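What follows is one structure encoded as C-alpha coordinates, with my remarks underneath.
Just so you know, these numbers come straight off a predicted model, no measurement behind them. Lettering follows sequence order; numbering is per chain, from 1.
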There are 2 protein chains.
Amino acid sequence: MIKAEAADLPDDGRLKMPDRLRRRASRLLSHLTSRSDRLITEGLARADARKWHYAVLASLQEYGPASQAELSRRSGIYRSDMVGVLNELAGRDLVERTPDPDDRRRNVITISARGRRQLRRLDQVLDDLHEQLLAPLSRAERDQFVQLLTRLLDHHTPGS
Amino acid sequence: MIKAEAADLPDDGRLKMPDRLRRRASRLLSHLTSRSDRLITEGLARADARKWHYAVLASLQEYGPASQAELSRRSGIYRSDMVGVLNELAGRDLVERTPDPDDRRRNVITISARGRRQLRRLDQVLDDLHEQLLAPLSRAERDQFVQLLTRLLDHHTPGS
DNA sequence: AACCAACGTTAGTAACACTAACGTTCCTGG
DNA sequence: CCAGGAACGTTAGTGTTACTAACGTTGGTT
(Lines give C-alpha, C1' and ligand atoms only; values in the text may rest on other atoms or scores of the structure.)
Protein backbone atom coordinates (compact mmCIF):
# COMPACT_ATOMS: atom_id res chain seq x y z
CA MET A 1 0.00 0.00 0.00
CA ILE A 2 1.23 3.41 -0.96
CA LYS A 3 0.09 6.75 0.25
CA ALA A 4 -1.09 9.08 -2.46
CA GLU A 5 0.38 12.47 -1.77
CA ALA A 6 0.54 14.79 -4.71
CA ALA A 7 -1.78 14.26 -7.64
CA ASP A 8 -0.14 15.05 -10.91
CA LEU A 9 -3.17 15.58 -13.08
CA PRO A 10 -5.29 17.50 -10.58
CA ASP A 11 -7.68 19.61 -12.58
CA ASP A 12 -8.78 17.44 -15.40
CA GLY A 13 -7.96 18.88 -18.74
CA ARG A 14 -11.02 17.34 -20.32
CA LEU A 15 -12.08 20.86 -20.94
CA LYS A 16 -9.69 20.62 -23.82
CA MET A 17 -10.05 17.01 -24.71
CA PRO A 18 -11.32 16.34 -28.19
CA ASP A 19 -14.71 14.71 -28.48
CA ARG A 20 -13.44 11.93 -30.68
CA LEU A 21 -11.26 11.01 -27.75
CA ARG A 22 -13.73 11.54 -24.97
CA ARG A 23 -16.52 9.65 -26.66
CA ARG A 24 -14.70 6.47 -27.61
CA ALA A 25 -16.26 3.61 -25.72
CA SER A 26 -12.91 1.89 -25.26
CA ARG A 27 -11.49 4.95 -23.59
CA LEU A 28 -14.49 5.47 -21.37
CA LEU A 29 -14.29 1.85 -20.35
CA SER A 30 -10.60 2.04 -19.52
CA HIS A 31 -10.91 5.16 -17.47
CA LEU A 32 -14.03 4.18 -15.65
CA THR A 33 -12.61 0.77 -14.87
CA SER A 34 -9.50 2.36 -13.53
CA ARG A 35 -11.58 4.40 -11.08
CA SER A 36 -13.83 1.51 -10.29
CA ASP A 37 -10.93 -0.80 -9.60
CA ARG A 38 -9.38 1.68 -7.27
CA LEU A 39 -12.61 2.21 -5.41
CA ILE A 40 -13.18 -1.51 -4.97
CA THR A 41 -9.59 -2.34 -4.16
CA GLU A 42 -9.40 0.31 -1.49
CA GLY A 43 -12.74 -0.62 -0.04
CA LEU A 44 -11.80 -4.27 0.19
CA ALA A 45 -8.40 -3.41 1.61
CA ARG A 46 -10.18 -1.78 4.53
CA ALA A 47 -11.74 -5.19 5.15
CA ASP A 48 -8.35 -6.86 4.78
CA ALA A 49 -9.37 -8.45 1.51
CA ARG A 50 -8.78 -8.34 -2.20
CA LYS A 51 -11.02 -8.92 -5.15
CA TRP A 52 -9.75 -12.41 -5.67
CA HIS A 53 -10.56 -13.31 -2.10
CA TYR A 54 -14.17 -12.55 -2.71
CA ALA A 55 -14.26 -14.48 -5.95
CA VAL A 56 -12.79 -17.58 -4.39
CA LEU A 57 -14.86 -17.46 -1.24
CA ALA A 58 -18.07 -16.90 -3.17
CA SER A 59 -17.29 -19.77 -5.48
CA LEU A 60 -16.54 -22.07 -2.58
CA GLN A 61 -19.68 -21.12 -0.76
CA GLU A 62 -21.79 -21.57 -3.85
CA TYR A 63 -20.45 -24.81 -5.22
CA GLY A 64 -18.59 -26.40 -2.37
CA PRO A 65 -14.99 -27.57 -1.94
CA ALA A 66 -12.83 -27.86 -5.01
CA SER A 67 -9.30 -28.26 -6.24
CA GLN A 68 -7.26 -25.20 -7.06
CA ALA A 69 -7.56 -25.82 -10.77
CA GLU A 70 -11.30 -26.12 -10.46
CA LEU A 71 -11.46 -22.90 -8.49
CA SER A 72 -9.33 -21.30 -11.11
CA ARG A 73 -11.86 -22.20 -13.78
CA ARG A 74 -14.79 -21.08 -11.70
CA SER A 75 -13.41 -17.73 -10.81
CA GLY A 76 -11.39 -16.84 -13.88
CA ILE A 77 -8.20 -16.52 -11.89
CA TYR A 78 -5.18 -18.17 -13.45
CA ARG A 79 -3.99 -21.10 -11.50
CA SER A 80 -0.57 -19.52 -11.29
CA ASP A 81 -2.14 -16.64 -9.43
CA MET A 82 -4.44 -18.85 -7.44
CA VAL A 83 -1.53 -20.11 -5.37
CA GLY A 84 -0.89 -16.73 -3.82
CA VAL A 85 -4.54 -16.00 -3.25
CA LEU A 86 -5.01 -19.27 -1.42
CA ASN A 87 -1.90 -18.62 0.62
CA GLU A 88 -3.49 -15.38 1.77
CA LEU A 89 -6.86 -16.95 2.44
CA ALA A 90 -5.34 -19.87 4.29
CA GLY A 91 -3.12 -17.49 6.25
CA ARG A 92 -6.28 -15.75 7.47
CA ASP A 93 -7.94 -19.10 8.22
CA LEU A 94 -10.69 -18.38 5.75
CA VAL A 95 -10.13 -21.60 3.84
CA GLU A 96 -8.48 -24.90 4.51
CA ARG A 97 -6.14 -26.50 2.03
CA THR A 98 -5.70 -30.23 2.41
CA PRO A 99 -4.20 -32.77 0.06
CA ASP A 100 -6.79 -34.82 -1.80
CA PRO A 101 -6.42 -38.45 -0.71
CA ASP A 102 -8.07 -39.65 -3.93
CA ASP A 103 -5.74 -37.73 -6.19
CA ARG A 104 -2.42 -36.75 -4.80
CA ARG A 105 -1.88 -34.08 -7.42
CA ARG A 106 -4.72 -32.09 -5.98
CA ASN A 107 -5.46 -29.98 -2.97
CA VAL A 108 -8.98 -29.77 -1.70
CA ILE A 109 -9.94 -26.26 -0.70
CA THR A 110 -12.72 -25.85 1.82
CA ILE A 111 -14.26 -22.66 3.14
CA SER A 112 -14.14 -22.29 6.91
CA ALA A 113 -16.67 -20.80 9.32
CA ARG A 114 -14.54 -17.67 9.44
CA GLY A 115 -14.48 -17.71 5.68
CA ARG A 116 -18.26 -17.74 5.53
CA ARG A 117 -18.44 -14.88 7.97
CA GLN A 118 -15.90 -12.90 5.99
CA LEU A 119 -17.80 -13.59 2.79
CA ARG A 120 -20.96 -12.18 4.31
CA ARG A 121 -19.02 -9.12 5.35
CA LEU A 122 -17.50 -8.70 1.93
CA ASP A 123 -20.85 -9.00 0.27
CA GLN A 124 -22.00 -6.10 2.36
CA VAL A 125 -18.88 -4.09 1.64
CA LEU A 126 -19.28 -4.68 -2.08
CA ASP A 127 -22.91 -3.67 -1.97
CA ASP A 128 -21.89 -0.39 -0.41
CA LEU A 129 -19.09 0.15 -2.90
CA HIS A 130 -21.36 -0.54 -5.83
CA GLU A 131 -23.83 1.88 -4.43
CA GLN A 132 -21.10 4.48 -4.67
CA LEU A 133 -19.94 3.31 -8.05
CA LEU A 134 -23.37 3.44 -9.61
CA ALA A 135 -24.67 6.35 -7.57
CA PRO A 136 -25.59 8.58 -10.51
CA LEU A 137 -27.77 5.91 -12.11
CA SER A 138 -31.35 5.02 -11.32
CA ARG A 139 -32.33 1.45 -10.57
CA ALA A 140 -33.51 0.92 -14.12
CA GLU A 141 -30.35 2.41 -15.53
CA ARG A 142 -28.18 0.21 -13.38
CA ASP A 143 -29.96 -2.84 -14.68
CA GLN A 144 -29.60 -1.56 -18.20
CA PHE A 145 -25.93 -0.96 -17.62
CA VAL A 146 -25.28 -4.41 -16.22
CA GLN A 147 -27.24 -5.92 -19.06
CA LEU A 148 -25.28 -4.08 -21.71
CA LEU A 149 -21.99 -5.00 -20.08
CA THR A 150 -23.04 -8.62 -19.86
CA ARG A 151 -24.02 -8.80 -23.49
CA LEU A 152 -20.78 -7.22 -24.60
CA LEU A 153 -18.69 -9.43 -22.38
CA ASP A 154 -20.48 -12.56 -23.54
CA HIS A 155 -19.88 -11.58 -27.10
CA HIS A 156 -16.18 -11.20 -26.47
CA THR A 157 -15.73 -14.32 -24.40
CA PRO A 158 -14.14 -17.29 -26.12
CA GLY A 159 -16.00 -20.55 -26.01
CA SER A 160 -19.37 -18.84 -26.20
CA MET B 1 4.73 -8.13 -28.53
CA ILE B 2 4.27 -11.67 -27.45
CA LYS B 3 2.69 -14.52 -29.31
CA ALA B 4 -0.21 -16.12 -27.53
CA GLU B 5 0.19 -19.84 -27.82
CA ALA B 6 -1.65 -21.83 -25.22
CA ALA B 7 -4.61 -20.33 -23.45
CA ASP B 8 -4.81 -21.37 -19.87
CA LEU B 9 -8.44 -20.70 -19.19
CA PRO B 10 -9.83 -22.02 -22.45
CA ASP B 11 -13.37 -23.03 -21.82
CA ASP B 12 -14.74 -20.39 -19.55
CA GLY B 13 -15.97 -21.79 -16.31
CA ARG B 14 -18.68 -19.22 -16.03
CA LEU B 15 -20.99 -22.15 -16.19
CA LYS B 16 -20.07 -22.53 -12.58
CA MET B 17 -19.55 -18.96 -11.63
CA PRO B 18 -21.85 -17.66 -8.95
CA ASP B 19 -24.27 -14.97 -9.99
CA ARG B 20 -23.23 -12.63 -7.24
CA LEU B 21 -19.84 -12.68 -8.93
CA ARG B 22 -20.93 -12.55 -12.52
CA ARG B 23 -23.33 -9.72 -11.99
CA ARG B 24 -21.15 -7.27 -10.14
CA ALA B 25 -20.73 -4.19 -12.26
CA SER B 26 -17.14 -3.73 -11.15
CA ARG B 27 -16.25 -7.22 -12.30
CA LEU B 28 -18.05 -6.84 -15.60
CA LEU B 29 -16.22 -3.61 -16.15
CA SER B 30 -12.82 -5.08 -15.39
CA HIS B 31 -13.27 -8.07 -17.61
CA LEU B 32 -14.81 -6.23 -20.49
CA THR B 33 -12.14 -3.56 -20.33
CA SER B 34 -9.50 -6.23 -20.38
CA ARG B 35 -10.92 -7.61 -23.62
CA SER B 36 -11.51 -4.19 -25.04
CA ASP B 37 -7.99 -3.06 -24.27
CA ARG B 38 -6.55 -6.10 -25.93
CA LEU B 39 -8.68 -5.64 -29.00
CA ILE B 40 -7.73 -2.01 -29.36
CA THR B 41 -4.07 -2.49 -28.53
CA GLU B 42 -3.68 -5.26 -31.07
CA GLY B 43 -5.60 -3.37 -33.71
CA LEU B 44 -3.49 -0.28 -33.26
CA ALA B 45 -0.32 -2.34 -33.19
CA ARG B 46 -1.15 -3.50 -36.69
CA ALA B 47 -1.08 0.16 -37.67
CA ASP B 48 2.21 0.62 -35.81
CA ALA B 49 0.52 2.72 -33.16
CA ARG B 50 -0.55 2.72 -29.55
CA LYS B 51 -3.49 4.26 -27.75
CA TRP B 52 -1.45 7.13 -26.51
CA HIS B 53 -0.37 7.98 -30.03
CA TYR B 54 -3.93 8.50 -31.03
CA ALA B 55 -4.70 10.59 -27.99
CA VAL B 56 -1.79 12.91 -28.57
CA LEU B 57 -2.29 13.23 -32.32
CA ALA B 58 -5.99 13.92 -31.91
CA SER B 59 -5.33 16.52 -29.30
CA LEU B 60 -2.73 18.23 -31.45
CA GLN B 61 -4.97 18.25 -34.48
CA GLU B 62 -7.89 19.60 -32.51
CA TYR B 63 -6.25 22.32 -30.48
CA GLY B 64 -2.96 22.96 -32.21
CA PRO B 65 0.65 22.84 -31.02
CA ALA B 66 1.32 22.63 -27.33
CA SER B 67 3.93 21.94 -24.73
CA GLN B 68 4.35 18.45 -23.36
CA ALA B 69 2.76 19.42 -20.07
CA GLU B 70 -0.19 20.91 -21.86
CA LEU B 71 -0.58 17.77 -23.95
CA SER B 72 -0.37 15.77 -20.79
CA ARG B 73 -3.32 17.64 -19.36
CA ARG B 74 -5.34 17.42 -22.53
CA SER B 75 -4.90 13.73 -22.99
CA GLY B 76 -4.73 12.47 -19.43
CA ILE B 77 -1.30 10.96 -19.95
CA TYR B 78 1.17 11.63 -17.16
CA ARG B 79 3.96 13.84 -18.25
CA SER B 80 6.42 11.21 -17.14
CA ASP B 81 4.89 8.87 -19.70
CA MET B 82 4.49 11.58 -22.28
CA VAL B 83 8.21 11.63 -22.86
CA GLY B 84 8.28 8.12 -24.26
CA VAL B 85 5.15 8.61 -26.34
CA LEU B 86 6.60 11.69 -27.95
CA ASN B 87 9.87 9.90 -28.58
CA GLU B 88 7.93 7.29 -30.49
CA LEU B 89 5.86 9.82 -32.38
CA ALA B 90 8.88 11.92 -33.23
CA GLY B 91 10.77 8.80 -34.27
CA ARG B 92 8.02 8.11 -36.79
CA ASP B 93 8.03 11.75 -37.93
CA LEU B 94 4.44 12.18 -36.88
CA VAL B 95 5.19 15.17 -34.68
CA GLU B 96 7.94 17.71 -34.38
CA ARG B 97 9.45 18.61 -31.05
CA THR B 98 11.19 21.96 -30.96
CA PRO B 99 12.33 24.07 -28.04
CA ASP B 100 10.02 26.98 -27.29
CA PRO B 101 11.95 30.19 -27.89
CA ASP B 102 9.61 32.11 -25.57
CA ASP B 103 10.06 29.72 -22.67
CA ARG B 104 13.13 27.63 -22.65
CA ARG B 105 11.71 25.13 -20.25
CA ARG B 106 9.22 24.05 -22.83
CA ASN B 107 9.12 22.06 -26.01
CA VAL B 108 6.57 22.92 -28.63
CA ILE B 109 5.01 19.84 -30.16
CA THR B 110 3.57 20.17 -33.62
CA ILE B 111 1.74 17.60 -35.69
CA SER B 112 3.28 16.91 -39.08
CA ALA B 113 1.63 16.15 -42.41
CA ARG B 114 2.45 12.50 -41.87
CA GLY B 115 0.97 12.79 -38.42
CA ARG B 116 -2.28 14.10 -39.84
CA ARG B 117 -2.38 11.28 -42.34
CA GLN B 118 -1.69 8.73 -39.63
CA LEU B 119 -4.40 10.26 -37.46
CA ARG B 120 -6.91 9.87 -40.25
CA ARG B 121 -5.86 6.27 -40.60
CA LEU B 122 -6.11 5.63 -36.90
CA ASP B 123 -9.55 7.17 -36.76
CA GLN B 124 -10.62 4.66 -39.35
CA VAL B 125 -8.95 1.79 -37.54
CA LEU B 126 -10.63 2.77 -34.30
CA ASP B 127 -13.99 3.04 -35.98
CA ASP B 128 -13.58 -0.51 -37.20
CA LEU B 129 -12.43 -1.77 -33.84
CA HIS B 130 -15.33 -0.12 -32.07
CA GLU B 131 -17.65 -1.66 -34.56
CA GLN B 132 -16.31 -5.01 -33.39
CA LEU B 133 -16.35 -4.03 -29.75
CA LEU B 134 -19.93 -2.87 -29.80
CA ALA B 135 -21.16 -5.33 -32.40
CA PRO B 136 -23.91 -6.87 -30.29
CA LEU B 137 -25.52 -3.52 -29.55
CA SER B 138 -27.91 -1.55 -31.70
CA ARG B 139 -27.24 2.09 -32.52
CA ALA B 140 -29.51 3.23 -29.77
CA GLU B 141 -27.96 0.89 -27.27
CA ARG B 142 -24.48 2.06 -28.16
CA ASP B 143 -25.51 5.63 -27.50
CA GLN B 144 -27.11 4.58 -24.26
CA PHE B 145 -23.97 2.74 -23.28
CA VAL B 146 -21.68 5.65 -24.02
CA GLN B 147 -24.02 7.94 -22.16
CA LEU B 148 -24.09 5.77 -19.07
CA LEU B 149 -20.33 5.40 -19.10
CA THR B 150 -19.90 9.13 -19.46
CA ARG B 151 -22.19 9.91 -16.59
CA LEU B 152 -20.45 7.42 -14.34
CA LEU B 153 -17.02 8.63 -15.30
CA ASP B 154 -17.96 12.26 -14.77
CA HIS B 155 -19.31 11.41 -11.36
CA HIS B 156 -16.03 9.78 -10.41
CA THR B 157 -13.73 12.37 -11.87
CA PRO B 158 -12.08 14.75 -9.42
CA GLY B 159 -12.46 18.43 -10.04
CA SER B 160 -16.00 18.04 -11.30
C1' DA C 1 5.47 -49.82 -19.85
C1' DA C 2 5.02 -45.55 -22.42
C1' DC C 3 2.63 -41.28 -23.02
C1' DC C 4 0.21 -37.62 -22.41
C1' DA C 5 -2.79 -34.76 -19.50
C1' DA C 6 -3.70 -32.46 -15.38
C1' DC C 7 -2.10 -30.62 -11.00
C1' DG C 8 0.33 -27.19 -7.98
C1' DT C 9 4.05 -24.14 -8.12
C1' DT C 10 7.68 -20.76 -9.43
C1' DA C 11 9.27 -17.38 -12.39
C1' DG C 12 8.88 -14.02 -15.63
C1' DT C 13 6.58 -10.62 -19.03
C1' DA C 14 4.28 -6.37 -20.78
C1' DA C 15 1.09 -2.73 -20.06
C1' DC C 16 -0.85 0.66 -17.13
C1' DA C 17 -1.38 4.20 -13.68
C1' DC C 18 0.99 6.59 -10.74
C1' DT C 19 4.81 8.84 -7.34
C1' DA C 20 9.29 10.95 -6.45
C1' DA C 21 12.99 13.55 -7.43
C1' DC C 22 16.34 16.20 -10.33
C1' DG C 23 18.16 20.20 -12.76
C1' DT C 24 16.70 24.04 -15.53
C1' DT C 25 14.05 28.01 -16.35
C1' DC C 26 10.49 31.29 -15.22
C1' DC C 27 7.65 34.40 -12.41
C1' DT C 28 6.46 36.99 -8.29
C1' DG C 29 6.45 39.69 -4.14
C1' DG C 30 9.03 41.67 -0.42
C1' DC D 1 16.43 43.17 -7.40
C1' DC D 2 16.81 38.96 -5.85
C1' DA D 3 14.99 34.86 -3.33
C1' DG D 4 11.80 31.39 -3.37
C1' DG D 5 8.72 28.76 -5.33
C1' DA D 6 6.40 26.83 -9.28
C1' DA D 7 6.37 24.80 -13.88
C1' DC D 8 8.90 22.23 -17.25
C1' DG D 9 11.07 17.94 -19.26
C1' DT D 10 13.18 13.87 -17.84
C1' DT D 11 14.61 9.59 -15.39
C1' DA D 12 13.67 6.12 -12.30
C1' DG D 13 10.89 3.26 -9.77
C1' DT D 14 6.35 1.16 -7.67
C1' DG D 15 2.40 -2.07 -7.45
C1' DT D 16 -1.32 -4.28 -9.89
C1' DT D 17 -3.26 -7.01 -13.49
C1' DA D 18 -3.41 -10.42 -17.03
C1' DC D 19 -1.01 -13.77 -18.98
C1' DT D 20 2.86 -17.35 -20.70
C1' DA D 21 6.36 -20.89 -19.86
C1' DA D 22 8.23 -24.51 -17.68
C1' DC D 23 9.01 -27.74 -13.78
C1' DG D 24 8.32 -32.06 -11.21
C1' DT D 25 4.70 -35.01 -9.53
C1' DT D 26 0.78 -37.83 -10.17
C1' DG D 27 -2.98 -39.98 -12.81
C1' DG D 28 -5.42 -42.22 -16.59
C1' DT D 29 -5.08 -44.67 -21.21
C1' DT D 30 -3.44 -47.95 -24.55
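A donor and an acceptor atom, one from each side chain of B/Arg79 and B/Ser72, are nowhere located under 3.5 Å apart.
Here the P atom of nucleotide C/dC16 and the CG atom of B/Leu44 are 10 Å apart, to the nearest Å. Atoms CG (B/Leu86) and C1' (D/dC8) sit 13 Å apart, rounded to a whole Å. The separation between A/His156 atom NE2 and D/dA18 atom P is 17 Å, rounded to whole Å. Distance B/Asn87 CG to D/dT11 C1': 12 Å, rounded to the nearest Å. Here the C1' atom of nucleotide C/dA14 and the CD atom of B/Glu88 are 13 Å apart, to the nearest Å. Atom CE in A/Met82 sits roughly 17 Å away from atom C1' in D/dT20 (whole-Å rounding).
Although no hydrogens or angles enter the test, the distance criterion places no donor-acceptor pair under 3.5 Å between the side chain of B/His53 and the main chain of B/Ala49. At distances below 3.5 Å, at least one donor-acceptor pair connects side-chain atoms of A/Thr157 with backbone N or O atoms of A/Leu153. Within the 3.5 Å criterion, the main-chain N or O of A/Leu29 finds a donor-acceptor partner in the side chain of A/Thr33. At distances below 3.5 Å, not a single donor-acceptor pair connects side-chain atoms of A/His155 with backbone N or O atoms of B/Ala135.
Legend: salt bridge (charged side-chain N to carboxylate O under 4.0 Å, His left out) pairs involving residues 130-146 of chain B, not counting sequence neighbours, sorted by first then second residue: A/Arg151-B/Glu141, B/Glu131-B/Arg139, B/Glu131-B/Arg142.
Among the heavy atoms of the strands, none lies under 4.0 Å from A/Ser30.
Over its full length, the helix from C/dA1-D/dT30 to C/dG30-D/dC1 turns its helical axis through 10°, comparing axes from the five pairs at each end and rounding to 10°.
The nucleotide whose nearest atom lies closest to any side-chain atom of B/Arg79 is, among D/dT17, D/dC8, C/dG8, D/dC8.
In this model, a side-chain donor or acceptor of B/Asp81 finds a partner on the base of C/dC18 within 3.5 Å. One can find a donor-acceptor pair under 3.5 Å joining the base of D/dT20 and the side-chain atoms of A/Ser80.
Residue B/Arg73 has a polar side-chain atom (N or O) positioned under 4.0 Å from OP1 or OP2 of D/dC8. In this structure, A/Arg35 does not reach the C/dA17 phosphate: none of its side-chain N or O atoms is under 4.0 Å from OP1 or OP2. For B/Tyr78, a side-chain nitrogen or oxygen approaches OP1 or OP2 of C/dC18 to under 4.0 Å. Residue A/Arg50 has no polar side-chain atom (N or O) positioned under 4.0 Å from OP1 or OP2 of D/dT16. Dashed line: the shortest gap from a side-chain N or O of B/Lys51 to OP1 or OP2 of C/dC16 is under 4.0 Å.
A/Leu60 places a side-chain heavy atom less than 4.5 Å from the side chain of A/Val56. When side chains are defined from C-beta on, A/Leu126 counts as touching A/Leu44, because their heavy atoms get closer than 4.5 Å. Counting heavy atoms from C-beta on, the side chains of B/Leu71 and B/Ile77 never come closer than 4.5 Å.
Applying a 4.0 Å cut-off to non-hydrogen atoms, the residues of residues 92-108 of chain A that approach DNA chain D are A/Asp103, A/Arg104, A/Arg105, listed by residue number.
A salt bridge is defined here as a Lys NZ or Arg NE, NH1 or NH2 lying under 4.0 Å from an Asp or Glu carboxylate O, and A/Arg74 with A/Glu62 fails to meet this definition.
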Just the atom pairs and distances: protein N or O near nucleotides 1-5 of chain D's N or O, under 3.5 Å.
none

Nucleotide N/O to protein N/O under 3.5 Å, stretch nucleotides 2-4 of chain C:
none

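For the salt bridge (charged side-chain N to carboxylate O under 4.0 Å, His left out) test, no residue two or more places apart in sequence or in another chain qualifies with A/Arg104.
Residues A/Val85 and A/Val108 do not share a hydrophobic cluster, clusters being chains of Ile/Leu/Val/Met/Phe/Trp/Tyr side chains in contact below 4.5 Å.
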